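These numbers come from the heavy atoms of this one structure, side chains and all, not from hydrogens, waters or symmetry mates. All ligand and atom numbering here is 1-based and tracks the order in the structure. Please read all numbers here as calculations on a predicted model, not as lab measurements.
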Amino acid sequence: MSIMKSVNDFLARLSGKLKGGGEIAIEKQKKKGKHTARERIEDLLLDPDSFLETDLFVEHSVKDFGMDRKDLAGDGVITGFGKISNRSVAVFAQDFTVAGGSLGRAHAKKITKVMDTAAEAHIPLIGINDSGGARIQEGVESLCGYGEIFYRNTRLSGIIPQISVILGPCAGGAVYSPALTDFVFVVNKISNMFITGPQVIKTVLGEEVTQEELGGAVTQTSITGNAHFYAESEVEAFDTLKKLLSFLPSNSNEKPPVYRTVPPVNPLGDDVIPDDRKQAYSVRDIIRGIVDASDFLEVHEHWARNIVVGFARLDGKSIGIIANQPRVLAGVLDVNASDKAARFIRFCDSFNIPLLTMVDTPGYLPGIDQEHAGVIRHGAKLLYAYSEATVPKMTLIMRKAYGGAYIAMCSRHLGATFVASWPSGEIAVMGPEGAANIIFRREIAEADDPEACRQEKVREYEEKFSNPYVAAKKGYVDTIIRSSMTRDTFIKALSVADSFKVGHKHGNIPL
Ligand code: HXC
């Protein structure tokens, strides 16, 4: 073949492959409000012109699997490498327009190949899921494809960041790949994740539920906690993903990139805690008053809202924040809050992101429901994650730090590297009311005016025990600061601890 002929032949083949599943399938995709796999990678995710595609010409073996279609462009998945803010990433995007993005042998091999290269290059992996699941015609070969992906998700956990974006169906065993990755993004009315769909549930259990109620974006971010980030559109999801990456290193051997310091928009004053000790406030406002540019990227914003976790910067350096949220359930610790925080702590530890823990919690939530839901086992994960973490661990006691929760919320005893308290800190076995009722029960009962006596004993207890000074005297709290000094104090604490060791530690699933 002459050179020109071979070039023309190549161009013809290329244009066939670039068409994905063809015009009708693409139109169907668009009608659902979805972008194509190629648009997602090239237009929404990567820096312009940075995409290097691999394996576009891969085909499945028709002979082996009895499929009668040779024209499955890229076998239903687009793979390759590119840049986000000029940093390299590996990427795959399932193409629903090609056989419903179903996963067969060649499709899986393309994904595992790009995962292996990401591991060698030590760069983050981003997977875009939009698929009907295991390709039915390829039988067990599809299943082993999933197995090989799960294996790599697990082996790479804690070594490179892995992020999943669900932009279509993700059903059956297919859901376990995203579940093994560090962060899952979902988009309203586009994403769906479930082990078995509404049809199967109706047949087996007689229960009726819509696909959206069962596994849509709202469900996955507010009820199950399977997904970490909710977006109204694909564009919003990718913008948040890019922001997330800006806080992360490319791998466990690096520290996150450092940015220019920008002061908070509304720095904290000295009056942030309400005068009434029982009054709620939003810890988000406090976080924004401390961190650079008041910029806080919340993870799991809609799930287990009694604890707030997310990324921010202090003096240009990434930190992971774990904060009790007094506005929701008074900031108690429960099963879900423990799981949410433990997984976040383990992620930050894996990727060399120092922790700032902000404490205002009355303790673990009592009750039969919580006990039977395994609050002992789940609560232990929080203790484990903090104790295991070797990144700098800084703690701020804002108000209540009672009982087991004082210990669990990154106390000195679990290896905190620096603990500060505001004067409003209350470090005690329990709250003043409960404590006074127990230890002064007899005196209160025998008093002429029991209520006045009770109030007096509560005050006495507060003065004696429910403050930060007892702990500070013993060195469990390093310093007591006015709230207006918080940012400066923690910037100094972070810089003291800055030369901590990096390197692979552990994976990221909560144990
Ligand atoms: C082969 C599939 C497919 C699959 C869809 N297609 N899913 N081909 N294997 N699993 C094909 C369709 O035949 C169709 O091809 C094209 O993709 C588009 O599908 P539609 O049904 O027309 O699209 P839509 O109406 O949007 O419905 C989407 C869907 C539905 C809800 C995802 O396709 C569906 O229910 N698919 C099957 C889902 C499923 O049960 N998968 C197995 C899960 S179990 P044509 O040629 O007509 O365009 C699993 C096990 C993994 O994944 C275990 C791992 C451990």
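- Between H228 and F183, the ring-plane angle classifies as perpendicular under the 30° and 60° cut-offs.
- Listed by atom number, the atoms of ligand 1 under 4.0 Å from Y146 heavy atoms are 51 (C), 54 (C).
- Under the side chain to side chain donor-acceptor pair (under 3.5 Å) criterion, D43 pairs with no residue, sequence neighbours left out.
- Per-residue contacts place R135 under 4.0 angstrom from the following atoms of ligand 1 (heavy atoms of the residue considered): 1 (C), 9 (N).
- The closest approach between a heavy atom of F96 and any atom of ligand 1 is below 4.0 Å.
- Residue A99 approaches ligand 1 through these ligand atoms, each under 4.0 Å from one of its heavy atoms: 2 (C), 6 (N), 8 (N), 11 (C), 17 (O).
- Taking each of G132, P169, C170, G173 in turn, the one with a heavy atom nearest to atom 42 (C) of ligand 1 proves to be G132.
- When A134, S102, G172, G100 are ranked by how near their heavy atoms come to atom 52 (O) of ligand 1, first place goes to A134.
- Residue contact check: L143 has heavy atoms under 4.0 Å from atoms 53 (C) of ligand 1.
- Checked against a 6.0 Å centroid threshold, the rings of F81 and F51 do not count as neighbours.
- Remark: among candidates V200, L103, I136, the nearest residue to atom 9 (N) of ligand 1 is I136, based on non-hydrogen atoms.
- Ring pair F344/F311: centre-to-centre distance below 6.0 Å.
- Under the salt bridge (charged side-chain N to carboxylate O under 4.0 Å, His left out) criterion, the residue pairs touching residues 201-225 are K202-E208, with sequence neighbours excluded.
- Centroid-to-centroid, the aromatic rings of Y406 and H413 come within less than 6.0 Å.
- Nearest residue to atom 26 (O) of ligand 1 from K32, K28, Q29 is K32 (criterion: closest heavy atom).
- Taking the ring centre of Y386 as origin, the terminal cationic atom of K381 falls outside the region bounded by 6.0 Å and 45° from the ring axis.
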